[in-house]
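Residue indices begin at 1 and follow the sequence shown. Being a predicted model, the structure only gives us computed values, none of them experimental.
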Amino acid sequence: MLLPACVLSAQGQITLVRDGKPQSRIVVNSDSPVDRRAADLLQDFVGRISDAKLPVVESKKLKKGDVVIGQGSTEGLTEDGFRLADGDGILYISSGGDKGTLNGVVQLLEDYLGVQYYAADAYTLDRRSTVDISAIGDRVVNPAFRYRQSQCYAMQEDPIYRIWMRFEEPSDEFADGLWVHTFRRLLPPEEYGETHPEYYSYINGMRRPGNASQWCLTNPELFEIVAARIDSIFKANPARNMISVSQNDGNFTNCHCEECSKIDEYEGSLSGNYVRFLNKLAERFPDKQFSTLAYLFTMHPPKHVKPLPNVNIMLCDIDTKREVPLTDNASGRDFMKALEWWSKISNNIFIWDYGINFDNMVAPFPNFPILQKNIQLFKEHNATMHFSQIGGSKGGDFSEMRAYMVSKLMWNPYLDADSLMRSFMDGYYGAASPYIYQYEKLLEGGLLASDKELWIYDSPVTHKDGMLNAKCRKRYNELFDDAERAVAGDSVLLRRVRMARLPLQYSELEIARTEQGHDPEELKQALALFDERTAEYGVPTLNERNNHPSEYCKLYMERFLPGTTVNKAAGAKITWNVPPTGRYAEIGETALTDGLYGGTTFVESWIGWEGIDGSFVIDLGEEKEFSSVSSDFLHQLGAWILLPEKVVYSISDNGVDFTHFGEKVQPEDRDPKVKFVSLGHESPSPVKARYIKVDITGVKTCPSWHYGVGYPAWFFLDEVTVD
């Protein structure tokens, strides 16, 4: 007896397409946009596999072979979870809420139809004219975290990517986009700062209203103003019931007034004031969720007050190092101490984890071995929401693979992480996969063997004697040469391999600028190739301050490659009148005249003064003729490094009696980009002198618009050039 074509072709098996013709229907009996999107996604990919278009219908009468989206048992399902169940020849995809059916369709496509998604428009599938779904039974899948957020440029380039990786965005959850660092938006200093400075932090003897200032959380008037604003925001956004009321970015800018300080002392943590304030809001709006940061100075929990159930604690591990899991170094253990205590007093924890090098995004960052272990720790300590800020900029170190692995591990932290890495590399890099896998594993081993820390403001220069030493780099390049040869005939795969090589190329350039003796022509060729490749692949930035690769390459030519001009201060002796801060005094005795310029990361070559002016004398060793003197300064606002207000140069024959040579006044610069700024003076006619005195007037205190408002500002100086 012949069975109808759409029914089971084998025990428990459903045939969707036979010989290129639809045999099944996708049934949606719901007005839910999510269910409709899930139906469209399934229809789309069955079509990509077979060229057949399954009908999407609304029908109360089901038939064998139907795939029914949005119906079926929801028992045991949590938010975003789903059930795949077949019975009576019908496949049901049911949801625990939110995007459950979409997630179910993705799982169906991956596990039963063989589709794998890796990056923007990068997926694999087996094209065939007959498409069957094997027996499923009753499969319930729930995510480890109800909210999963990460970063990858692919989300902007490919709308399917975000769905496939099951990533969410703040706009899905938080009203009016208010999700972190919201104090400024909720209580704008330009609106209240002048008339009500008492609403803002009391720091170092005065109120400091400003863009980065925190609030005086014990001020009762402030609470009522904020509560009224929040009420209006929720009314304007009726589809959202969560909002972030959280400190502005910056460290130790909390209020030190008498009332706030009493609470800080009683609670034993600066977070106490914040939890108390949020609890008052949570009581005022009991049907809403309030998220607040436990970040930098508020990371550790209070001793007495406990967050109410509708207060969400967004705990951030920004200060931890990344070479080992959080349990295995001092910075990580300090964070774990905070996490363990928060988890005792709250079941509503949002973890913000960092796996990105903010200062050098296009540089090796081999933290893959710790991703799974840390995510498991978060899950086991009551975290229900998780943001893995692993970077997503095109050209960043394995940006696509990081997002892929994190997406899988945030859904299920107990998958085999190494298998995930291999699966990604095989699918994304093809025949080049074995060589790139070896490269990554050598990097990981080199990092651990070097005993160097890995942190989110790292520099390749830090690792030039460790995982990025010359012998290691030679082996890495050999592996990439092999990888490129393996896919030379496939332009798509070759492009991906060359993109993965960019961090190694960047590291070699960065290390070369700190060393003498490199062939300038070879460096120019390497720089030109890096410039060409980053432009070809559309790499937008090298760091979080949006410094473009083309800018870097131009500056490298001007700043780091040896020129024809000889610096008459080369090797000159430095004597301090006002020495640099801390360890920089000893370093600066040679670094200011060694001919090597510092890069965008202040950890090498730069000499810094904190909260004071600077002054020193350069001894040229003998009287020399020159017409210009200039000093090289770093502008990096995120690290509280501001340009000085003024530099004054004086000259002398005997080192005692100085005459004015010239000066340069520097206007305030609020541009967030990292910059190198030369401040100097050129005389219309040459002068002769042996000694040059450099007096630098610093900003000293971070201004109201800056993250460090009210605290000491740095200025950093590198080479002094005399010509």
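- Between the side chain of S50 and the backbone N or O of R128, no donor-acceptor pair lies under 3.5 Å.
- Proximity of a side-chain donor or acceptor of T124 to a complementary backbone N or O of G427 within less than 3.5 Å is not detected.
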For this session: Report the C-alpha separation of R322 and D353 in whole Å, then their side-chain angles, then the decisive distance to 0.1 Å, and conclude whether the salt bridge (Lys or Arg N to Asp or Glu O under 4.0 Å) test is met.
Result: CA-CA 10 Å; R322 310 286 152 176; D353 183 36; 3.0 Å; yes

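- Judged by distance alone, with hydrogens and angles left aside, the side-chain atoms of S399 form a donor-acceptor pair with the main-chain N or O of S393 at under 3.5 Å.
- At distances below 3.5 Å, not a single donor-acceptor pair connects side-chain atoms of R18 with backbone N or O atoms of L16.
- Applying the 6.0 Å contact sphere to NZ of K373 captures no more than 12 heavy atoms from other residues, nucleotides or ligands.
- Summarising the geometry, atom OG1 belonging to T101 is positioned 6.5 Å from atom CD1 belonging to I69; distances are rounded to the nearest 0.5 Å.
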For this session: With side chain to side chain contact (heavy atoms under 4.5 Å, CB included) as the test, would you mind laying out the steps for M361 and T541 before giving the verdict?
Result: CA-CA 8 Å; M361 291 178 177; T541 185; 4.2 Å; yes

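- Side-chain atoms of S346 never come within 3.5 Å of backbone atoms of S343 as a donor-acceptor pair (strictly under, hydrogens ignored).
- Between the D158 side chain and the I160 main chain, a donor and an acceptor come within less than 3.5 Å of each other.
- One finds no salt bridge joining R498 and E536 here, because no Lys/Arg side-chain nitrogen approaches an Asp/Glu carboxylate oxygen to under 4.0 Å.
- A salt bridge is defined here as a Lys NZ or Arg NE, NH1 or NH2 lying under 4.0 Å from an Asp or Glu carboxylate O, and R48 with D44 meets this definition.
- Under a cutoff of 6.0 Å and an axis angle of 45°, R402 and F368 form a cation-pi pair.
- Using the six-membered ring where Trp is involved, W179 and F174 have ring planes that are tilted, between 30° and 60° apart.
- Aromatic ring orientation, Y354 versus F358: perpendicular (interplanar angle above 60°, classes split at 30° and 60°).
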Exercise. Could you go step by step and tell me if T327 and L377 meet the side chain to side chain contact (heavy atoms under 4.5 Å, CB included) rule?
Worked result: CA-CA 9 Å; T327 52; L377 288 171; 3.8 Å; yes

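- A cation-pi arrangement is present between R166 and W411, with the terminal nitrogen or guanidinium carbon under 6.0 Å from the aromatic centre and inside a 45° cone about the axis.
- Between D51 and R127, at least one side-chain nitrogen of the basic residue sits less than 4.0 Å from a carboxylate oxygen of the acidic one, meeting the salt-bridge criterion.
- The line from CG of L91 to CD of Q13 is 12.5 Å long, rounded to the nearest 0.5 Å.
- At a cut-off of 3.5 Å, with distance as the only test, a side-chain donor of N348 or Q289 sits close to an acceptor on the other residue.
- Using modelled atom types, one finds a donor on one side chain and an acceptor on the other under 3.5 Å when comparing R422 with Y437.
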Problem set entry | V27 and V56: CA distance, side-chain angles, deciding distance, side chain to side chain contact (heavy atoms under 4.5 Å, CB included) verdict | CA-CA 6 Å; V27 180; V56 176; over 6 Å; no

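- When all heavy atoms are compared, the tightest approach of V140 to L77 is CG1-CD2, 3.5 Å.
- A tilted orientation is assigned to the rings of Y404 and F424, their planes being inclined by 30° to 60°.
- Within the model, atoms CD of Q376 and CG of N412 stand 9.0 Å from one another, a figure rounded to the nearest 0.5 Å.
- Here the two rings, on F480 and Y439, have centers that are under 6.0 Å apart.
- A cation-pi geometry, defined here as NZ or CZ lying under 6.0 Å from the six-membered ring centre and within 45° of its normal, holds between R496 and Y428.
- When W164, F45, Y161, Y118 are each tested for a ring-ring contact (aromatic ring centres under 6.0 Å, His included) with Y123, only one passes: F45.
- In D31, the CG atom is not crowded: 12 or fewer heavy atoms of neighbouring residues, nucleotides or ligands sit closer than 6.0 Å.
- Going from atom OG of S150 over to atom CD1 of I356 covers 9.5 Å, rounded to the nearest 0.5 Å.
- A salt bridge does not link D86 with R139: every distance from a Lys NZ or Arg NE/NH1/NH2 to an Asp or Glu carboxylate oxygen is 4.0 Å or more.
- Comment: R162 engages E169 in a salt bridge, judged by a side-chain N to carboxylate O separation of less than 4.0 angstrom.
- No side-chain donor-acceptor contact under 3.5 Å links N360 to the backbone of V362.
- Looking at E478 and K474, a side-chain N of the basic residue comes within less than 4.0 Å of a carboxylate O on the acidic one, giving a salt bridge.
- Closest approach of M467 to P364, counting heavy atoms only: CE-O, 4.2 Å.
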Exercise. Between Y476 and L468, does a side chain to side chain contact (heavy atoms under 4.5 Å, CB included) hold up when you go through it step by step?
Worked result: CA-CA 9 Å; Y476 302 155; L468 293 174; 4.2 Å; yes

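- Between the D138 side chain and the A85 main chain, no donor and acceptor come within less than 3.5 Å of each other.
- In this model, no donor atom of one side chain and acceptor atom of the other lie less than 3.5 Å apart for N237 and D176.
- In this structure, E58 does not pair ionically with R25, as no charged nitrogen and carboxylate oxygen lie closer than 4.0 Å.
- The closest side-chain donor-acceptor pair between E110 and Y117, if any, does not fall under 3.5 angstrom.
- For residues 374-395, the set of pairs meeting the salt bridge (Lys or Arg N to Asp or Glu O under 4.0 Å) definition, not counting sequence neighbours, comprises E157-K394.
- Smallest separation of non-hydrogen atoms from G76 and N142: O-ND2, 2.8 Å.
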For this session: Just do the side chain to side chain donor-acceptor pair (under 3.5 Å) check on Y112 and Q107 with the steps written out, would you?
Result: CA-CA 8 Å; Y112 300 95; Q107 198 83 48; over 6 Å; no

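- The pair K99-D80 does not meet the salt-bridge criterion, since no charged nitrogen lies less than 4.0 angstrom from a carboxylate oxygen.
- The minimum heavy-atom distance linking L415 with K408 is given by the pair CD1-O, 3.7 Å.
- Classification of the F398-Y429 ring pair by plane angle, with boundaries at 30° and 60°, yields perpendicular.
- Note: I93 CD1 to F82 CZ = 9.0 Å, rounded to the nearest 0.5 Å.
- E323 CD to L454 CG: the interatomic distance, rounded to the nearest 0.5 Å, is 6.5 Å.
- Screening F145, F350, W352 against F387 for a ring-ring contact (aromatic ring centres under 6.0 Å, His included) leaves a single residue, W352.
- Judged by distance alone, the side chain of Q43 and the main-chain N or O of L54 form a donor-acceptor pair under 3.5 Å.
- The backbone N or O of D35 sits less than 3.5 Å from a side-chain atom of S32, completing a donor-acceptor pair.
- Geometrically, R495 does not engage Y537 in a cation-pi contact, judged by NZ or CZ lying under 6.0 Å from the ring centre and within 45° of the ring axis.
- When all heavy atoms are compared, the tightest approach of M421 to M401 is CG-SD, 3.7 Å.
- Look at D88 and K63 and you find no salt bridge, because none of the NZ, NE, NH1 or NH2 atoms lies under 4.0 Å from a carboxylate O.
- Under the side-chain contact (heavy atoms from CB on, under 4.5 Å) test applied with V131, the options V17, I14, T15 reduce to a single match, V17.
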Problem set entry | Trace of the salt bridge (Lys or Arg N to Asp or Glu O under 4.0 Å) decision for R37 with D40 | CA-CA 5 Å; R37 186 70 185 91; D40 292 343; 5.1 Å; no

